[in-house]
Amino acid sequence: MAASNPQHLDTLLQHTGLADFDPTTGAAPVALPSVRTSTVRFRDLDALDAAHAARAKGERVVTYGRAGMETHAALEQVFCQLEGGERAFLAPSGMAAITLAVMALLDAGDHVLIADCCYGPVRNLDSTVLRRFGVSTSYCPGTVDAFEQQRRPETRMLYVESPGSLLFEMLDLPALADYAKRNDLLLVVDNTWGSGYIYQPLALGADVSVVAGTKYVGGHSDLMLGAVVLKDAELAKRVSDNHYALGLSVSADDAWLALRGVRTLPIRMKESARNALAVCEFLASRPEVSRIYHPAWPHDPGHALWKRDCTGSNGMLAVSFKFDTDSARRFVNALRLFGIGYSWGGFESLVQLIDPSALKGHSYWPNDGQPVVRLHVGLESAEDLIADMAQALDAAAA
Ligand SMILES: *Cc1c(COP(=O)(O)O)cnc(C)c1O
């Protein structure tokens with residue numbers, strides 16, 4: 001990549017991770033192939049020794065296939081570009097990337113403060129794994145005041161997600177970063193929502209950004225992938241050693257699919273965001289709707305923070321209804337263009353009736369008995385999606 005004048009991310013995303021020219025033919029494939037191999041061979045033992053020495057220093061070299069070849073390296077570059085990081089480590093899922101960040105940077109006896117709006121399965125990692133390894137956790141609202149009330153001498157990390165899972169509550173990341181620095185805490189941010197394209201935690205002061213590439217980066221609902229991205233060389237060395245030790249490996253084909261998907265991230269994300277705002281406008285016009293959760297929506301309480309810290313939005317939103325849960329079930333079942341299912345960030349619209357038990361630990365939730373539905377608004381025509389919602393609202397009333 002020519003590092004002349006700084007360019008827009010849209011441009012960089014098309015020019016990062018390209019194949020090198022063949023030294024004899026002077027030609028290179030435009031689309032980097034999936035380099036599938038379980039191991040590498042060396043010209044001589046000196047070359048192998050040099051590779052080992054470099055990897056011991058934490059450099060990104062290959063001594064064995066598990067570390068990933070050119071396809072993986074190209075995708076790592078893309079994640080660094082997106083997140084404004086120096087190093088990226090790939091994991092076989094977003095959840096595995098979260099596990100890597102947490103396991104690499106904490107020791108037995110450490111305590112972690114976790115924002116209560118985090119991705120639900122993080123609590124499962126906590127109760128299943130972290131506790132057994134002597135790491136303790138506290139959940140609280142994602143604010144400096146709430147964290148400060150729960151901070152202990154052994155607190156080592158702030159783990160947050162902004163906007164939060166399910167209700168998309170914006171956290172004040174620069175304030176949290178400042179608080180973390182003053183108290184010698186590592187700030188780890190799940191940035192799956194922003195995926196680097198519309199939100200950059202590292203630039204706002206976070207130490208580590210974790211992304212589920214399964215969502216917008218892959219973008220086509222056909223792969224599982226995660227990444228841990230950071231700037232600091234010492235932290236990167238720790239993550240690198242743990243990445244190797246834990247044996248996290250990503251299929252070259254999945255890295256290749258992600259690389260293919262991410263080239264169109266700019267247009268996919270913008271289109272989903274545009275459709276989501278159209279859906280918000282429609283929902284706001286309906287008497288059944290009590291509240292819309294979407295930070296780019298001007299009436300969302302997080303809108304000012306969103307405007308200050310984000311450069312765009314995406315297709316995620318939640319909506320609460322004045323009617324009861326049975327009506328909400330009828331609404332969801334009646335939708336024809338929104339698939340009922342988990343996940344998001346792909347080409348298609350998805351819907352999920354949120355189980356109140358998933359919101360129980362979430363202080364941002366008003367807990368008013370009103371059903372909450374989460375939507376991922378995909379790349380279908382907004383007009384069609386709105387017509388579908390209108391007929392489903394009629395069905396809910398029936
Ligand atoms: C989906 C998701 C993850 C986990 O990603 P997987 O690839 O499904 O393991 C983590 N964080 C957030 C915010 C997510 O939405």
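For ligands, and for the atoms within them, numbers begin at 1 and follow the listed sequence.
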Could you list which atoms of ligand 1 come closer than 4.0 Å to a heavy atom of [X]?
X: Glu161; answer: 13 (C)
X: Ser93; answer: 7 (O), 9 (O)
X: Trp344; answer: 15 (O)

Heavy atoms only, cut-off 4.0 Å: how does [X] contact ligand 1, side chain, backbone, both, or neither?
X: Trp193; result: neither
X: Ser165; result: side chain
X: Met95; result: both

Q. Out of Ala212, Gly213, Gly120, Ser195, whose heavy atom sits nearest atom 5 (O) of ligand 1?
A.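 The nearest heavy atom belongs to Ala212.
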Q. Would you call the rings of Phe321 and Phe323 parallel, tilted or perpendicular if under 30° counts as parallel and over 60° as perpendicular?
A.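 Taking Phe323 first and then Phe321, their aromatic rings lie parallel (interplane angle under 30°).
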(Q) Check the orientation of Trp193 and Tyr199. Use parallel for under 30°, tilted for 30 to 60°, and perpendicular for over 60°. (A)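 Correct class here is perpendicular.
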Q) Taking the non-hydrogen atoms of Tyr342, is any one of them nearer than 4.0 angstrom to ligand 1? A)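 Distance cut 4.0 Å: Tyr342 fails for ligand 1.
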**Q.** Centroid-centroid under 6.0 Å between Trp306 and His303 rings
**A.**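 Yes.
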Would a 4.5 Å heavy-atom cut-off, applied to side chains only, mark [X] and [Y] as touching?
X: Glu70; Y: Asp20; value: no
X: Pro141; Y: His362; value: no
X: Arg36; Y: Thr71; value: no

Closest protein heavy atom (residue, atom, distance) for [atom]:
atom: atom 8 (O) of ligand 1; result: Met224 CE, 3.5 Å
atom: atom 14 (C) of ligand 1; result: Lys215 NZ, 2.9 Å
atom: atom 7 (O) of ligand 1; result: Thr214 OG1, 2.5 Å
atom: atom 11 (N) of ligand 1; result: Asp190 OD2, 2.6 Å
atom: atom 6 (P) of ligand 1; result: Gly94 N, 3.3 Å

Q: Kindly check if the number of other-residue, nucleotide or ligand heavy atoms within 6.0 Å of CZ (Arg263) is above 12?
A: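 Yes, CZ of Arg263 has more than 12 neighbouring heavy atoms, counting only those of other groups under 6.0 Å.
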Q: Decide whether Tyr119 and Glu161 meet the rule of one side-chain donor and one side-chain acceptor closer than 3.5 Å.
A: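 No, because no side-chain N or O of Tyr119 sits under 3.5 Å from a partner of the opposite role on Glu161.
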(Q) Taking His52's backbone N and O only, do any of them form a donor-acceptor pair with Thr63's side chain (distance below 3.5 Å, no angle check)? (A)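 It does not hold such a pair.
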